[in-house]
2 protein chains.
Amino acid sequence: MSLRHALLGVLSMREMSGYDIKRHFDRAVHFVWNASDSQIYRELRQMERGELIVSRVVPQEGKPNKRLYQLTDAGVTELDHWLASPVERPYSKEPFLLRLFFLSRVSYEDARKLLEARLGEVESLLDVAAERLQIFSDPTRSGRPEALWWQTRLIEGMRRVQSAEGAWLRELIRDLDTSQRNEAGEPGARGEGGQGS
Amino acid sequence: MSLRHALLGVLSMREMSGYDIKRHFDRAVHFVWNASDSQIYRELRQMERGELIVSRVVPQEGKPNKRLYQLTDAGVTELDHWLASPVERPYSKEPFLLRLFFLSRVSYEDARKLLEARLGEVESLLDVAAERLQIFSDPTRSGRPEALWWQTRLIEGMRRVQSAEGAWLRELIRDLDTSQRNEAGEPGARGEGGQGS
DNA sequence: CGAGACATGTAACCTGTTACATGATTCC
DNA sequence: GGAATCATGTAACAGGTTACATGTCTCG
């Protein structure tokens, strides 16, 4: 139930509405967790029923009223308890790797396209990381320096992991090309009996 | 709906029962996808209703009867269509990274424990990778060589990504220790209140 | 005698996605 | 005039988890 903990986490920084949280998720938390707005609103109501958070309605003019949430003591306790609890084992749901597993079924061209597309995703995540580091290095930036320290290290870790994946993908594409060219090859293409699509 | 595609993939290798699939998942596919047995059985029934697979019951003595599934033409088409379709964007649900995001809330000891535990997970995944490569290098091993080529590259990719994460974690632990020792530090521990810049 | 492999499933529940509804204000 | 922002939600469905039920055989 990690969405709950993500919400407790962002609310520990400041009082926020569902809408604020959604925006904050999309900007800052996005590559570690994401959620749709309806999921966030539903979870907030459930958490309020469970007394981890309380809300107050703030009337506004010209805009819809908003409902601001903040943590209760029980919420703070729950957050800190989660942070100190044993790690979950890593998610093993990787649609891309699952495809690789069966990629010998498809043609050289389709395989190559898939690898290139993934490389594109990886590179765009690297751009996001660079951009985040830029934001963090802004000296006028507010916020607790310890939080910044951890978030910077987190981005750094992501950068290194994505770099490793990128390097691997580039090698893989290169090897696929060479073994395709001299046909001596291992690689996947079904080739002989091919039905088209 | 990637469980469906994972099931189509393993059934493309050979006819299997739900139980066979579960075992195969746990052994070979586990770090790219996993599923509970009840989920597998449910999805198989739905796929049979959708005519992607067909089953036949094989009576057995001393053991429960079993139901073997194989792909229909529609199932093969669906599998190949998925393999050639655009990549999903990477899953952004990483409970560990989510914790890091808020880790400035916890004490040095708790933070360190968490990082060590994650390092343990990463190292055990590296062991799994090594073991898989061992199995693949068995010359008596059966199976299509193109499938083996892709699966070997997949494991290699996983190895490199996990290595990168391991290296990052070790540095992070080291830096946490040093800045804890000379107290000059940034790192997270809430503890005593204001140390500053 | 008990544990574990074999084999398939139901029921209840929780989590996540998609589509839809509402309605004022601001910017192009 | 139309899109985007602000703001909160409902309803229906799909995907995933957990607990439970059943029964035989084999191994130690």
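The analysis underlying the following values was restricted to heavy atoms, covering all of them including side chains, and did not include hydrogens, waters or symmetry mates. These numbers come from a predicted model, not from an experiment. Quick note on labels: first sequence line is chain A, next is B, and so on, each numbered from 1.
Put simply, CE on A:Met47 is 16 Å from P on C:dC14, counting in whole angstrom units. D:dT18 atom P lies 14 Å from atom CD1 of B:Ile40, rounded to whole Å. Following rounding to the nearest Å, A:Lys93 (NZ) and D:dA14 (C1') show an atom-to-atom distance of 13 Å. Per the geometry, CG belonging to B:Leu44 stands 14 Å off P belonging to D:dG16, to the nearest Å. Distance CD (B:Glu61) to C1' (D:dT26): 16 Å, rounded to an integer number of Å. Between B:Glu88 atom CD and C:dT17 atom C1' the separation is 15 Å, expressed in whole Å. If you measure from atom CZ of B:Arg89 to atom C1' of C:dT17, you get 16 Å, rounded to the nearest angstrom.
Taking the side-chain hydrogen bond (donor to acceptor under 3.5 Å, both in side chains) definition, one finds that A:Asp138 meets it with A:Thr140, sequence neighbours left out. In this view, B:Trp82 and B:His5 satisfy the ring-ring contact (aromatic ring centres under 6.0 Å, His included) rule, not counting sequence neighbours.
Within the structure, salt bridge (Lys or Arg N to Asp or Glu O under 4.0 Å) contacts touching residues 113-123 of chain A (residues at least two apart or in different chains) are A:Asp110-A:Lys113, A:Arg112-A:Glu116, A:Arg118-A:Glu165, A:Glu121-B:Arg89, A:Glu123-A:Arg170. For residues 4-28 of chain B, the set of pairs meeting the salt bridge (Lys or Arg N to Asp or Glu O under 4.0 Å) definition, not counting sequence neighbours, comprises B:Arg4-B:Glu43, B:Glu15-B:Arg56, B:Asp20-B:Arg23, B:Lys22-B:Asp26. For residues 67-77 of chain A, no residue pair satisfies the salt bridge (Lys or Arg N to Asp or Glu O under 4.0 Å) rule, not counting sequence neighbours.
A:Trp150 places none of its side-chain heavy atoms less than 4.5 Å from the side chain of A:Ile155.
Within the hydrophobic cluster formed by Ile, Leu, Val, Met, Phe, Trp and Tyr side chains joined at under 4.5 Å, directly or through other members, B:Tyr19 is accompanied by B:Tyr41. Here A:Leu68 sits in one hydrophobic cluster together with A:Val58; the rule is ILVMFWY side chains under 4.5 Å apart, joined directly or through other members.
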**Message:** Wobble G-U and Watson-Crick pairs count when both distances are under 3.5 Å; given that, what is the 5' to 3' dot-bracket string of DNA chain C, with | for pairing to other strands?
**Reply:** ||||||||||||||||||||||||||||
Identify every side-chain donor-acceptor pair in residues 29-37 of chain B under 3.5 Å, counting partners at least two apart or on other chains, and give the distances.
residue: B:Asn34; atom: ND2; partner: A:Ser92; partner atom: OG; Å: 3.1
residue: B:Ser36; atom: OG; partner: B:Gln39; partner atom: N; Å: 3.4

Just list the side-chain donor-acceptor pairs under 3.5 Å for residues 45-52 of chain B, sequence neighbours left out, or say none.
residue: B:Glu48; atom: OE1; partner: B:Ser55; partner atom: OG; Å: 3.2
residue: B:Glu48; atom: OE2; partner: B:Ser55; partner atom: N; Å: 2.9
residue: B:Glu48; atom: OE2; partner: B:Ser55; partner atom: OG; Å: 2.8

Please list each protein N or O that sits under 3.5 Å from an N or O in nucleotides 7-11 of chain C, with the distance.
residue: C:dA7; atom: OP1; partner: B:Gln60; partner atom: OE1; Å: 3.2
residue: C:dA7; atom: OP1; partner: B:Gln60; partner atom: NE2; Å: 2.7
residue: C:dT8; atom: OP1; partner: B:Arg67; partner atom: N; Å: 2.7
residue: C:dT8; atom: OP2; partner: B:Tyr19; partner atom: N; Å: 3.0
residue: C:dT8; atom: OP2; partner: B:Tyr41; partner atom: OH; Å: 3.1
residue: C:dT10; atom: OP2; partner: B:Arg45; partner atom: NH1; Å: 3.0
residue: C:dT10; atom: OP2; partner: B:Arg45; partner atom: NH2; Å: 3.2

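Contact check on B:Arg99 versus A:Glu88 returns a salt bridge, with a Lys/Arg side-chain nitrogen under 4.0 Å from an Asp/Glu carboxylate oxygen.
Residues from residues 2-13 of chain A with heavy atoms under 4.0 angstrom of DNA chain D: there are none.
Across all strands shown, A:Lys22 has no heavy atoms under 4.0 Å from either base or sugar-phosphate atoms.
Here B:Gln39 does not reach the OP1 or OP2 of D:dG15: none of its side-chain N or O atoms lies under 4.0 Å away.
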